[in-house]
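The structure appears right after this line, and notes come after that.
Below, chain A is the first sequence line, B the second, and so on; all start at residue 1.
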Amino acid sequence: MSGQPYRLPANVGSGTTGRILDRSRRIAFSFDGKSLSGHPGDTVASALFANGIRLVGRSFKYHRPRGVIGSGADEPNALISVGESGRHEPNQRATQVELYDGLVSKSQNNWPNLKFDIGQINSKFSRLIPAGFYYKTFMWPQSAWMFYEHFIRNAAGLGTAASEPDPDTYEHMHATCDVLVVGGGVAGLAAAQSAAAAGARVMVVDECARLGGLADSSSGLIESSPQTEWVQSTVSTLAAAENVHLMTRTIAAGHYHHNWCLLLERVTDHDPSLAIQGAPRHRLWKVRANQIVMATGALERPLTFANNDRPGVLLASAARIYVNRYGVSPGRRGVVFTNNDDAYQTALDLTRAGVPLARVVDVRTDPRGELVEEARAAGIEVVTGMAVTNVDTVAAGAKIQSVKVAPYKAGSRIGGREERIECDFVAVSGGWNPAVHLYCHTSGKVKFDEDLQSFKPDRSFDQITPVGAANGTYDLDGLISEASNTGAAVAKKAVGSKVKRSKSDRPLASSPKAGKLEPVWFVPATGALNEGNKHFVDFQNDVTAADLELAAREGYRSVEHIKRYTTLGMATDQGKTSNINALGVLTGALQSAIPQIGTTTFRPPYTPISFGAIAGTNAGNRFLVVRRTPPYEWHCENRADFEPIGQWRRPYCYPKPGDSRHDAINREILSVRNEVGLLDASTLGKIELKGPDAAKLLDRVYTNTFSTLKVGKGRYGLMLNEEGFLMDDGVTVRLADDHFLMHTTSGGADRIAGWLEEWLQTEWSDLKVYVTPVTEQWAQFAIAGPNARNVLENLDGDIDFSADSFEFMSMKVGRLTGYPVRAFRISFSGELSYEIATPSNFGHSLWLALLEAGENHGIQAYGTEALHVLRAEKGFIVVGDESDGTVTPLDLGLGWAVSKKKDDYIGKRSLERAYLAAPKRKQLVGLLTQDPQEVLPDGAYAVAELKDKPPMEMIGQVTSAYWSPTVGRSIAMALIKDGRNRLGDVVDFPLDNGKVVKATIVDPVFYDKEGAKQNV
Amino acid sequence: MSDLQFRSALSHRRDEDLPMDLCVSLDEVSDRAMIDLRGSLDDPKFVAAATAALGVALPAQPRSSSVKGDITVLWMSVDQWLVTTPRGSEQALLSKLVKRLGNTFSFACDVSDARTIIRVSGGDARSVLMKGTSVDLQSPVVKPGWVRRLLFAEVAAACQFVHSDPDTFDVYVFRSYADYVWEWLLAVARKGARVQLYGKQEPPLV
Amino acid sequence: MKRYSIFSLARNAANYHKDWGPVWRSPEPKAEYDAVIVGAGGHGLATAYYLAKNHNMTNIAVLEKGWLGGGNTGRNTTIIRSNYLQDESMAIYELARSLYENLSQELNYNVMFSPRGVLMLCQTEHELRAFKRTSHANRLAGTEARMIDRAEVKRLCPIINDRDDCRYPILGAYYQPRGGTARHDAIAWGYARGADAMGVDIIQNCEVVGIDQNAGRITGVRTSRGEIKTTKLAVVVAGSTTQLMDMAGVRMPIESVSLQALVSEPIKPVIDVVVMANTVHGYMSQSDKGELVIGGGADPYNNFSQRGSFPAVEHTVTALVETFPIISRLRMLRQWGGTVDMTGDRSPIISMTDIGGLFVNCGWGTGGFKAIPGSGWAFADTIANDRPHPIAAPFSLNRYMIGHSIDESVAAAVAH
Amino acid sequence: MLMITCPVCGAEGDETDFHCGGQAHISRPASTDPHNVSDDAQRDYLYIRNNPKGLHREMWMCARGCGKWFHAERDTVTLEFKSYYGITESAPPSSSPNPAASKTTKKKSAGR
Ligand SMILES: Cc1cc2nc3c(=O)[nH]c(=O)nc-3n(C[C@H](O)[C@H](O)[C@H](O)COP(=O)(O)OP(=O)(O)OC[C@H]3O[C@@H](n4cnc5c(N)ncnc54)[C@H](O)[C@@H]3O)c2cc1C
Ligand SMILES: NC(=O)c1ccc[n+]([C@@H]2O[C@H](COP(=O)([O-])OP(=O)(O)OC[C@H]3O[C@@H](n4cnc5c(N)ncnc54)[C@H](O)[C@@H]3O)[C@@H](O)[C@H]2O)c1
Ligand SMILES: Cc1cc2nc3c(=O)[nH]c(=O)nc-3n(C[C@H](O)[C@H](O)[C@H](O)COP(=O)(O)O)c2cc1C
Ligand SMILES: [Zn+2]
């Protein structure tokens, strides 16, 4: 035979068997190392079925053998791993993995293999390990939890993660639409059609590879033809429309506020070869929809009877879908077990396809729907008022041999005669639950419907309208009319269309009249061993009816407690098959009705979505923005060792071949001190302020006064936040009476510009000032060192750099070797120093020109670390090092820059608060270690009194500490309690290696106290 | 005096070969200079002076632009415009502006080098850009001349729809981000990753 | 209270676990209690437990508007560590952490405290410096934690991206070996069971809707289940603090925002430590059930919906895909939000108030799970003795008046 | 993902295009009378917030549009925006959910 023993011939029955299968082609794939074959159209689940493989996985806790239960997103059992090495992906639902050539799949959660899984032993101990057992044990001895945990951790989890980084790519896409239709079943398509006809921009998404939903496997005709024909023609019409976008293999994963939807499009999963052509594996769509039509259908629920988890028990809808769609038989002989009419469709379809059916077992005593009659008429044996109470298995529970059937009456124990029926599969239906997930993600509330015995949408404050089975409308004609009306109505809301609709605009449908469903939440088993039988409610997490009852008995009575205590609904399927059944079981245990018990919260995503897709394009070298300065290329070519500062990458130092970082930094420092150095300071924030009130604004945002500054001059200023803490600093230059150029720290550039705007717009809207950030307009370089002037004078230009003409803290505009520049005489190193700014597109070239001009003067580029040491030698602070958001200017000894005259500036009032104004706060001081070679570690704390062991009272910490090649010893700055009154004291810094470093508190200026060097 | 060496933000990538399989064309537009202009539309003196100096009216409508000759004025905010003009002409234009504006409450500032312009064009330009921004570029309001500030690939940007023959967008990004945005575009613009949103399509399987 | 042990479990197995009684009672509210605690989160329940245990106050009630443990205690990422920078913080978090060490035994309820180690990555020079500073402070305060280098980070967490050429190469980490996680629900349930056993009434589905006072003193509360008299009222309601305190006319320095978290599908163990990457904003651990537990950021606006927006999740996941490249093909299973109470300085409030008998414990924001035992301990002492416990004193409301902020953000860390 | 409309320029966009500045109508005492600001007043200004569960008046900025600040009324439970108004306008008359919130400032620039 074909090697697919359960594959049904194409031509049986009415010709629908294996509707989507391309039997002319074979696809090779493997499962647990075994080579198998299937056809295009197959999923891994249908192909496994076809190959006669029923046992596909092991359950989470008891390692029970499990088979396929469903046919789609609700599948709890058939979780497999697909792919190898970097492309290995665990926990995929076999029911949704489309077969492709060479697909490699594996079962999970078993060792050494699926058949002989050691973990089955848990099943033997299952009485010892009911829900929540771990809260009651593993506590002795006290320290042992980590020991037990090790084993528990290894036993838990399902599949394994990939061992290599993911070679595939992902991306995001945004879209806006008038109407987003989620679900491409009959309801969704009908809604889309009428919405599109009304002129709306419509998107239709469905998680399946095909549109049509259950159309090919539900009863009923549209326009007197099989539903699929109508689907076919509708899809063609919609595809041809300019205003419609149809998407398959796309899950609507989440609904967020204001009708924002997250979609995940699986672009290459079904055909990995597409990736080679540049297609991303997944594409995450972010869609803003004016209106959403939720046509997500309904999910069938199983029935809770003893050993209902055995491979071979599957949903009735799945059974017929495997037959109709994939042409596989779920077994050799089946029993249908139901409490509603819909499962009769399964009985009919199976029979039509020649799959032997032993019995339809219906709990209802007198089912009377049209399908029931049709089944009876077709000669199908129906027993009523009966239930399947247990299954008998062979092959260690992996294979069903027969079922037990006994008379059933809700709420009472099973009595009467029990019959054994030979069969190897059971198709079960407990009714259908509207798929309300998306509806509930943001705001939708549900209500309990007695007819459906399930929750259906009630109200929402979002623009999301449920239709069809998702709205609890199961009758085909009602569903189509509801969907088409809704489509038109929401389109009208979205685009205000005036297109008139008549009744005839919608297709007419007919479906068999259904009888009433009878709720069945629990079917007790018969016989002495009743208690030992497991009635599974949540298959994946192995939650049984007894577990739910135990939780209730133990006082975990809120449904939320029960969920967490038993892990009900917390598995990868999020309880799609189990939630309502669990509530049903609980009605007994809690003596309460389902609506009173209530549901747990639905949360995104509807089905799990890959992390790779969430990261999208922002992966690898595009993870987080990188900003580059104009001479960036030069830095790279010259071996810069970069450090990230905010989004910028700045050279930390420039090691020469063989240099350590330390060597490089020392060399760079000495070149500034002795000759001349060049620093790329382009990242420095630059903001221009212009307007009649510019000076007034500056007086309010700085602690010191700027209105008195002369044109062409600069002044160092301190900015506080409203809590009185230092936030930023920099030199601001007056370009004209009403025009200033403010410098901020590199990290502060954007923040300060926003800060100024905020104050201007919200608090001082009467001030006339325009604020324009110009950081990016200018490349800016510091040229510092005794030879700085010589270098600049080496270059052609119209600026007089001489000491007399170009005073300290002043600024000139002109040309330097042709480039337009702004030159500032400011110094952060204490040396003779200028900063030269030129428009960014000249930055690289001017940088080269400066280096060339300095060649004979020993010029060297220096990085941020040399900059830091240079300023520390001079006792200059760095915001973020000496200050940390809890430090005031007075703490730092910068009282000279804090005006006492001004009535108000930002932070002034806060500085007066008791704790900030208190004496003996931590104050900035210098430190000289007793051993000059010893560099204190950054952040080391001084203690009030040295003790043998902690705790010790801490009196302050090192804020910056360096080896200073200039003074030939270590230097440090620190914030020490009452430090300024303790000059000369020796304090202790106990370090982690047991060593205690002693240091003398000194003034924080270590070099050129008089400031002579910068004034030459 | 040496020759002035001008290096636009992406000049170092000019010699790189673009991948063959891009579905849009990408270019850097580096020959435009830019002036940031601030002032109030409620101040007739300002409006008159600016119009006279630029030779074109300031676009008052949000998200619009106006063009005359070499000069384009992009709306940036209710009191802010970005004037673009051929490189080399900006100093003259700026002086003209400053002179005309006189002592009105206004500010014209040369920001020619603060940004660069990346031109994205081709039939797929809209959908390629929509991978990086939530702004609906397929909306009917996106007509030639349309401008909008937006967040593109996590970066502050402005976008101008230049013309539709073929669809051509200029994306203005701050200079320091140019490489990042360029690489980002290369990553999302491959033919195999084309997205065609709306319009006729192959009917999906049923 | 039935004691739990392997033996009691075995005994009960014989009878299919039909004999277990309720872990806590569901009492009707009495007319009057010596003290009423509002909010049955971890902090409220621990407060009740220690009031009964350490201070013999057993005629007390914990009122909970929903189900106990259903607030942030039931929805957090369970990171426990005590390596905070400021003296005041170190004291309370280390008290809490050390109480966690024996909590399962003490409560006879396995709370699964798992001191598997917390790594806080250093990915910039600045962050490295900040953590070095914290490490010195912690050592001198007696808190065990240390700086480790990249190789050791890789050894402790083999799936980490340790490449040199990535956007933020790992420069090292600050490592607290006895930090870790605990089972969030078990903390609430264990304390509830312990408190109940000593006579504390835990009353669920009982919402406080009003606070009564007379002459500047608390006299009782009004609830959805009637009035209850008391002279001591402790408000421990996290995100709802403003609403409760408004009932007493006390305005608070609190804003409630939505903090998010998510889990992946369960997989076999890949990460045995807790990793926090503050520069790129992501943190991750793996629960005993196998799911990766991931903390997202907070949405930047007031939000009482217990739902968050997607950007916060996207931001975090992007960072974690970069930090742990093998997770790219794993999947997000569920995301959720909690309404956290943020204070002006991001540190908690454990305080008396101007109203006699009114106590408040809140402001734990994004990081109060780890503090539950310590906070309950110090707060119970404060309530019982009508004066701040020394460890609680610095966290009083008065600090906002004098400007004595306790600012942990300076340690370059988020407070999880 | 909130959708916000800027009342200044009309830009509509995701919350990521905007910046939330927190509670509106907090008056800055030092702007009125810098020499007579009590510790209480300063604390309230810096830290005390309405934090209502329900209607909240906030400041937002059109960060990716016109760069301007504006006011909005938003429900903090449903997250719906109820109204937008100018940054220098005082609170609209719609009923205030919280007595403290109606403490709008009478200053000429009632922004914050
Ligand atoms: C996503 C997320 C991640 C986090 N991660 C961590 C972490 O890793 N580590 C960490 O240490 N912390 C973390 N936290 C913070 C931590 O969860 C909280 O700080 C802590 O749980 C707060 O506990 P609580 O008891 O104060 O509040 P809750 O647990 O919120 O309890 C407050 C209770 O008060 C009740 N209540 C409110 N109003 C009323 C009323 N009117 N009447 C009666 N009852 C009322 C509520 O229903 C609730 O049950 C996280 C928080 C979140 C949301
Ligand atoms: N007789 C009964 O008891 C009964 C019960 C339920 C349904 N039905 C029948 O089933 C059909 C229901 O039609 P329908 O259109 O309402 O539903 P449907 O089940 O046919 O279609 C729903 C579609 O939505 C898709 N979907 C669901 N959630 C999604 C998500 N989050 N993202 C993307 N796609 C998603 C599914 O893949 C499916 O294709 C009718 O024929 C109806 O009569 C009958
Ligand atoms: C540490 C931790 C682990 C969790 N693991 C899971 C899980 O494995 N599966 C699951 O469905 N939910 C898990 N959750 C999320 C809960 O289901 C739930 O979403 C969360 O507690 C918030 O409650 P709510 O969604 O009911 O509002 C976990 C939550 C926490 C705090
Ligand atoms: Zn705007």
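In this structure, no portion of C:P169 lies under 4.5 Å from any heavy atom of chain A. Of the atoms belonging to C:T143, not a single heavy atom falls under 4.5 Å from chain A. Residue C:N108 touches chain A through both its backbone and its side chain, counting heavy-atom pairs closer than 4.5 Å. Neither the backbone nor the side chain of C:N205 comes within less than 4.5 Å of any heavy atom of chain A. Contacts of A:T601 with chain C are made by both backbone and side-chain atoms, with heavy-atom separations under 4.5 Å. Looking at A:F989, neither its backbone nor its side chain comes within 4.5 Å of chain C, counting heavy atoms on both sides. With a threshold of 4.5 angstrom between heavy atoms, A:K949 does not approach chain C through any atom at all. Heavy-atom distances place both the backbone and the side chain of C:D288 under 4.5 Å from chain A. Contact annotation for A:N618: both backbone and side-chain heavy atoms come within less than 4.5 Å of a heavy atom of chain C. The contact between C:V321 and chain A is made entirely by side chain atoms (from C-beta outward), counting heavy-atom distances below 4.5 Å. For A:H441, the part lying under 4.5 angstrom from a heavy atom of chain C is the backbone only. Looking at A:L550, the atoms closer than 4.5 Å to chain C (heavy atoms on both sides) all sit in the side chain, from C-beta outward.
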Next on the checklist: ring pair (Phe, Tyr, Trp, His ring centres under 6.0 Å) for A:W145 and C:F113? Distances and angles first, verdict last.
Outcome noted: CA-CA 8 Å; A:W145 170 246; C:F113 174 59; over 10 Å; no
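If you look at A:H282 and A:Y170, their ring centroids are closer than 6.0 Å. Taking the six-membered ring wherever Trp is involved, the centroid distance between the rings of A:W140 and A:Y148 does not fall below 6.0 Å.
Geometric assessment of C:R193 against the ring of A:Y135 yields a negative cation-pi assignment under the 6.0 Å and 45° thresholds. Annotation: cation-pi geometry satisfied between A:R649 and A:F642 (NZ/CZ under 6.0 angstrom from ring centroid, within 45° of ring axis).
Under the 3.5 Å distance criterion, the side-chain polar atoms of C:D196 are left unmatched by any main-chain donor or acceptor of C:A192.
Salt bridge absent: C:E291 and C:R334 never bring a charged side-chain N and a carboxylate O closer than 4.0 Å.
Of the N and O atoms on the side chains of A:H561 and A:R564, not one donor lies less than 3.5 Å from an acceptor on the other residue. If you check the side chains of C:Y168 and C:E322, you find no donor sitting under 3.5 Å from an acceptor.
Of the listed residues A:E89, A:H88, A:H257, A:E953, the one with more heavy-atom pairs under 4.5 angstrom with chain C than any other is A:E89.
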